[in-house]
Amino acid sequence: MDEDVLTTLKILIIGESGVGKSSLLLRFTDDTFDPELAATIGVDFKVKTISVDGNKAKLAIWDTAGQERFRTLTPSYYRGAQGVILVYDVTRRDTFVKLDNWLNELETYCTRNDIVKMLVGNKIDKENREVDRNEGLKFARKHSMLFIEASAKTCDGVQCAFEELVEKIIQTPGLWESESQNKGVKLSNREEGHGGGACGGYCSML
Amino acid sequence: MITKKYSEFLPGMQSAEELVARVDGLSRSIDLLRAGVENEVALSVRFLRVQRDLNVAVAEFTELKQQLERDTLVLSILKKLQEFDTALKEYNSALLEKKYVEAAQQLEKARSSLKMLESRKGFELKILKALGTELTVQTQNMLYHLGEEWQKLAVWKLPPSKETISPESVMHSELHLSTLPSKEEEIAGPPVASVLQAFAVLGELRTKLKTFGKADLAFSVLCFAFKMLLFVGPPYVFSVSKTVFSETQPSVFCLELLLKYILKPLISYPFLQPFVEERSDVVILRFKSEKPDLDHSSPVEVFDKIKFVLEVLHTYLLNVPVEHSVEDKKECRVTLAELLGDMIWEELSDCLIQNCLVNSIPTNSSKLEQYIEVGLKIFQIYDVKMVIKSTEEFEKALKKMQFLKGDATDLLKYARNVNSHFANKKCQDVIVAARNLMTSEIHNTVKITPDSCVALPKLPDPESGDHVKMQKTSKVLPNEMVHLENDSKLSQYTFSLPTCRISASVEKLMELAYQTLLEATASTDQCCIQLFYSVRNIFQLFYDVVPTYHKENLQKLPQLAAIHHNNCMYIAHHLLTMGHQFRYRLTSILCDGAATFVDLVPGFRRLGMECFLAQMRVQKGEILERLSSARNFSNMDDEENFSAANKAIRQVLHQLKRLGKVWQDVLPVNVYCKAMGTLLNTALSEIVTRIAALEDISAEDADRLYSLCRIMVEEGPQVFTPLPEEDKNKKYQEEVPVYVQKWMTFKELMIILQASLQEIVDQWADGKGPLAAEFSPAEVKSLIRALFQNTERRAAALAKIK
């Protein structure tokens, strides 16, 4: 079936309600776009295999509901996530402003410190832009996130967003190998882990 | 030889002669001795004779002595008997001459003689009994005569009908008091005085008789004395008024006459006005009607009237100084007025308190001030006249009247306690009202919204400080918010009770509590404290009464349980701030943190929660019971099994729908969703457990299970109808995953039931997919084994689930 897959990565899509999280996912997985897509209730889930630099990775993508009323469900989804796509709507400044809250939530619930973050400014096909590209870029840099502007409608930047995220995850040592190759703590990798990331110190203790 | 023989013989002879001489001497001394002995014997015989004689003499003497003693005793008894006889004779002659006082004294003397006689032990003289009887007869005779005399002095005219005392009938009551003595009585001195003095003596008799131990005699004399004192003897009352009269309790009846026909009507009917008609030989006390429109007479008027009546009695009847001296008795004498006061005062004061003072106690505190002023004035006057000897001016009146002993201050105490009586009355009213509210139906509800939840502004009192305070706090609060520079401001409803329905009675109860506290703020310290604690008592009463009184319904009816839950939360909500609202307006004693209700809050929350949770447990039990008839959801390809499972699921949904309906608009929306979510979760969780435990699921089984699950998933959310407006419920139906913990699990199960092996592996996604979030590897493997044939592909898939 998928023996050649290097690893399975858990990717989370978060952001305010109506910024186009589900549309991005559908464009990426099914290459479809529905302008009247209903609000997500609870959570959606898709699996897609992606090939980056010759490495095949299977993505388990969790598309969360942006609406406030479903927030109580989300904390459990953060568990074990290796990458997160943080989406805002470039035509709605409030969705950009709220990013701080999302980062806060991410930090609160995320189980690891080295999770790779990708900031996506969606709906660049629209004309009434409220958030400048540079603002997004600046914000992403400030919080050491990857950044891209995209449009689920026009397909702009969607594939790229996922690919770059996966690439970065794979490049991050300790983020994926240990899990896929061997469960538990690898004593031999300790030195490497120690040098590679801040979490190394914690791992030995766990 | 002869000489030899002689010489031999001679010493023998000589010794013989010597012997003879000695024998002679001996016999002489024997003779002497015998004579001495004989003499001695004769002496002792004589002595013995004398001794015997002496004994006889002593015995005689003793006998004589005893006889003397007996004679002395008999003499003394005879003396006493003579005294008794003389006393009776004297009494008889005194009675004939109408010297009642002397007669009574003689009677008393006779009684004391008899008493002395009877106190001797060992003498059971039959005559004593006869004398006792005679004394009783004479006492009765005396009393009869006294009664006859008395009847001339005081005559009752009573209304004909005795069954009910109407104001009209009371109008016919009259009391005639004779003022002029008849001619022959003039000789014997003032009859009133003598009769009363005689009574006084009998009054002393009363106490004597009690200790004497002849209960029946004592009783009869007592009763008679009472009757006399109250101006009536039974025979006369019989003949005059034809009263139905209980012979066994004459004294009670007689006591009642004065109270019933004169004093009590005066208290009860404000329009009655006593007046005195003086004729040549008689004084008539009767009523006239005035101002019949009054409901309650004021204490001032009543006291005046009663004082008037007592003064009339005092002037015409009781003003005789009962100075009759019973010199040899040291006990303090009871005067007639005192005696009367003793007997009627308790009932009279009770009657005054209950019919007059109680009605005059104001029902709200504004009138209280007024009452205190007026009331104290009244009681000062009354008090001085009747009780306290402090003012010289009234000292004479007091001495004259002496209806009361110096220490009897019942009325004054009552009057002085007007504050506490007011508070008592108020508290009693409050508690009764509260209890009525608590025992009224729960299901009459009113809707509480955050805007409507403050009951206080409805209160009429414009001085309510809570209004002002609330405005103040709402002004202060935003300023602080600005300082904090927090852009997420709290909604004005953040601390409000969510919209829900509570019992109308509980809303009223809360209003009652606020009203009472408001009244407390305007009351005196003592009253304030009492009112405050009766408000606390209201809530304590609620805590105890409601769960017990409505126990059965609260268990049986889920809607009532929900309303009760709301009621408790509503009360708890108000209790949080109630103390603070009145904090600075209650008396200073309560201000030091005592005036709080916050301590009751956890109890009320628990009360509401426990009741509702109990109901939830009942419902949960019912759901599980219904699902237990689904035959574990096994072998669904069997029609019978399928229909049983189908039916079970339908029943569960029906039950949830029914609950959703009865809780609609009743529970606060969030509580509603939580409750319904929990119950739906129970059902889903049970179904998941049962299906996950199946060992073999055929393709048809899986299809049918899926269809059953789909019913749950499609219709389950539809039972969420917290609001009566159908279109507004969609939001909550969408949020079902939030309220139903196992919702996602259930959805994953449905996916598995329809999925291919690859799809299952994808859902698992190396433990990173949603399937892994909801099920353990073991569970998923078990499901795969149940659903799929044992193939290599299955083995490969199973290998991925870890």
Side-chain angles (χ1 to χ4, degrees), chain A residues 1-3 5-12 17 29 38-49 56-65 67-83 94 97-98 100-101 104 111-112 169 175-177 179-184, chain B residues 486-488 491 669-670 673-674 677 681 713 716-717 720 722 730-748 750-752 755-774 777 791-802:
Chain A
M1 289 188 280
D2 38 30
E3 282 74 20
V5 169
L6 182 66
T7 184
T8 304
L9 301 175
K10 180 167 180 177
I11 310 292
L12 209 57
S17 172
T29 56
T40 307
I41 288 168
V43 72
D44 256 348
F45 177 76
K46 292 279 180 191
V47 184
K48 182 164 168 107
T49 307
K56 265 191 165 179
K58 189 169 166 184
L59 305 185
I61 309 165
W62 294 64
D63 174 24
T64 64
Q67 285 178 18
E68 186 82 36
R69 56 194 176 127
F70 296 112
R71 292 281 166 82
T72 52
L73 291 173
T74 40
S76 63
Y77 305 145
Y78 286 91
R79 194 184 307 120
Q82 289 140 311
D94 60 303
V97 173
K98 290 271 176 68
D100 272 318
N101 290 354
N104 201 0
T111 52
R112 51 201 313 158
I169 292 170
L175 187 52
W176 56 276
E177 315 96 312
E179 282 186 48
S180 60
Q181 285 163 8
N182 203 336
K183 301 246 173 190
Chain B
N486 190 341
D487 48 5
S488 59
S491 149
V669 171
N670 64 327
C673 289
K674 252 190 230 171
N681 191 57
V713 164
F720 283 68
K730 192 166 181 279
K731 174 175 179 285
Y732 303 104
Q733 290 165 4
E734 284 174 359
E735 287 170 16
V736 163
V738 177
Y739 304 115
V740 182
Q741 200 196 344
K742 291 280 183 183
W743 185 258
M744 294 308 287
T745 314
F746 196 74
K747 293 274 255 188
E748 288 302 314
M750 285 175 70
I751 290 172
I752 291 180
S756 66
L757 276 169
Q758 178 60 48
E759 281 164 336
I760 293 175
V761 170
D762 280 351
Q763 280 303 110
W764 184 260
D766 262 353
K768 285 167 183 162
L771 184 56
E774 306 295 343
T791 59
E792 270 181 40
R793 285 173 60 82
R794 191 183 88 170
L798 283 173
K800 291 211 156 90
I801 310 297
K802 55 193 177 191

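As the structure is a prediction and not an experimental result, all values here were calculated from the model. In what follows, chains carry the letters A, B, and so on, assigned in the order in which the sequence lines appear, proteins first and then strands, with residues in each chain numbered from 1.
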Quiz item: Going by heavy atoms in the side chains, are Val713(B) and Trp743(B) under 4.5 Å from each other?
Solution: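 The answer is yes, as the side chains (C-beta and beyond) meet within the 4.5 Å cut-off.
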What is the distance from atom [atom1] of [X] to atom [atom2] of [Y], rounded to the nearest 0.5 Å?
X	Y	atom1	atom2	value
Leu59(A)	Thr29(A)	CG	OG1	10.5 Å
Lys768(B)	Lys58(A)	NZ	NZ	11.0 Å
Lys742(B)	Met744(B)	NZ	CE	13.0 Å

Exercise. Tell me, for Lys731(B) versus chain A, whether the close heavy atoms (under 4.5 Å) come from the side chain, the backbone, both or neither.
Key: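 The answer is both parts of Lys731(B).
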Quiz prompt | Residue part contacting chain A, namely of Gln741(B), when any heavy atom lies under 4.5 Å | solution =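 Gln741(B) has no heavy atom closer than 4.5 Å to chain A.
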Exercise. Against chain A, work out which of Pro770(B), Ala765(B), Gly769(B), Pro737(B) has the most heavy-atom pairs shorter than 4.5 Å and name it.
Key: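 Highest number of pairs under 4.5 Å: Pro770(B).
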